[in-house]
Amino acid sequence: MRDKALSRKLSLALNYLVLITSSLLVLFPLIWIVVTSLKGQADIFRAPLSLIPTKVMFYSNLLEVLRRAPWVLYFRNTILVVSVLLVVQLVVSILAAYA
Amino acid sequence: MVKGKLLMKIKPYLFIAPAFVFLATFTLFPILHTLYYSFFRWGVLSPEPVFIGLENYREAFASPIFRQVWSNTLTYSACTVAGTVLLGLFLAVLGNNERLKGQGFFRTAMFYPHMLPWAVAAMVWMWMLQPRRGLINNLFSLRIDWLRSADYALLAIIVAAIWKGVGFNFLLFLSGLQSVPKEYYEAAKLETNSWWHEFRYITLPMLSPTTFVVVLLAVIGSFQSVDLVYIMTQGGPANHTNLIIHYVYQQGIASWRLGYGSALSFMLFAILLILTAVYLLLMEKRVQYER
C-alpha cells in the first residue's frame, strides 16, 4: 500500500517536471523579447547575453516605438476591420446554420 | 394556404442565401477563374492571355524547383503535424490530472504563441536565431547561421512552427480529455494497472473525435503556411525553405506570371481537396461519436 502511494507521488512529480519544463521552453521566447525590449542598444550587443539589463530603457524604447509609426491609425484600422468582419460573419453564419 | 407551403419550402434557401452568395463570389468563382487562366500564358512578356493548353502544368512538373518545393512542403507538413499533434496530446494527457495545481499557468504558457500573429512569431525567432547576437547560438556556443544554411534553415522554421502550433492542439486535446467520463477510468482500475491499457483502450477511442479535427486542421494549416518563410528566409537559401504557397506567390505575383501561378495554385487546391476527401472518407467510420 505504501508502495502505491509512493509511486503515485513519484508520477505526480514527474508530471510536474515535464509540464514545467515544457511551459518554460514555450514561454522563453516571450521572456526573452520582454527582456530585450527593456534593454538599450549597448546591452543588446554586449558579449555575454544576460537576462538582466544593466540599465532599464523601457520608457525611451516605448517612446521611440510610438514616434516611429502612427499606432493610433493602425489600431483604428484593426478595430474597424475586426468589427465589420465580426458583424458580417455572425449574421451570415447564423442564418446559414439556422437553415 | 398554398402560398404558405411555398414559403416554407424556400425559407431554408433564403436563410442560406447570404452565405452561399459569399462563398460563390469569393471562393467558387476564383477557383474556376484560376483553373481557366492556368491554361494561358499570361504575364509580363504576354500582357494578353495566350491559350497554351497544359503547357503550364508540363513546365511545373519538368521544373526541379517545383519538385524541391514539394519535397520541402511535405517535409515541413509531416514534421509540424507530427510534432504539434503528438506533443500536444502528450502534454494534454499529462496536464489532465486533477491533482495537478497551476493548471491555468500551464494552459496560458502553452497557448500564448497561438495568439501571437505569425509575423511577430517570425520576428521573435529571427532574433533568437541571429548568428552573432542571437540567443540560441550564444546559449549553446554555436556559430551556425541557421536561416542561411541549406541544412538547418528548414529545421529552424519547423521548430518555430511547432512552437507556435503546439498550444492550440494542447488546448483542444485537454478539452477533449475533460469530457471523458471518470467512471471509465475507475472501472479500468479494477481490471488493469497499466497506464498504457488505459490510454490505448479508453483515452484514445474516447478522444477520437478531437483527434480527427486536430489532425485535419493541422494538415490543412501546414500546407497553407507561408508567413514564417516569407519573413524569415524568403524561400532561401537556394529554395531550401521554399514552401508551395510562397512559391505560388513568387511566380504568380512577384514575377507576375499569372498563368503559371494559376496552374500552381490549382494543383495545390486539387491536392488539398483530394487529401481532405480521402481523410474524411477513411476516418469518419473510425471515429466514435457515441458516448
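Just so it is clear: chains get the letters A, B, ... in the order the sequence lines come, proteins before strands, and each one is counted from 1. None of these values were measured; they are calculated from a predicted model.
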| query | Which residue out of B:M123, B:R132, B:R99 racks up the most heavy-atom pairs below 4.5 Å with chain A? | reply | B:R99
| message | If you count heavy-atom pairs within less than 4.5 Å of chain A, which of B:I16, B:V166, B:L87, B:L100 leads? | response |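 Highest number of pairs under 4.5 Å: B:L100.
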So for [X], is it side chain, backbone, both, or neither that comes closer than 4.5 Å to the heavy atoms of chain A?
| X | answer |
| --- | --- |
| B:F106 | both |
| B:M110 | both |
| B:F20 | neither |
| B:W127 | side chain |
| B:K101 | both |
| B:Y13 | neither |

[atom1]/[X]: more than 12 non-hydrogen atoms of other groups inside 6.0 Å:
| X | atom1 | value |
| --- | --- | --- |
| B:F105 | CZ | yes |
| B:Y152 | OH | no |
| A:R68 | CZ | no |

| Rounded to the nearest 0.5 Å, what separation is found between the CG atom of B:N97 and the OH atom of A:Y16? |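 Nearest 0.5 Å value for the CG-OH distance: 8.0 Å.
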Exercise answer: donor-acceptor pairs, residues 19-35 of chain A side-chain atoms, under 3.5 Å, sequence neighbours excluded:
from  : atom 1 : to    : atom 2 : distance (Å)
A:T21 : OG1    : A:L17 : O      : 2.4
A:S22 : OG     : A:V18 : O      : 2.7
A:S22 : OG     : A:L19 : O      : 3.2
A:S23 : OG     : A:L19 : O      : 2.8

| query | Where on A:V91 is there a heavy atom nearer than 4.5 Å to chain B: the side chain, the backbone, both, or neither? | reply |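 Neither part.
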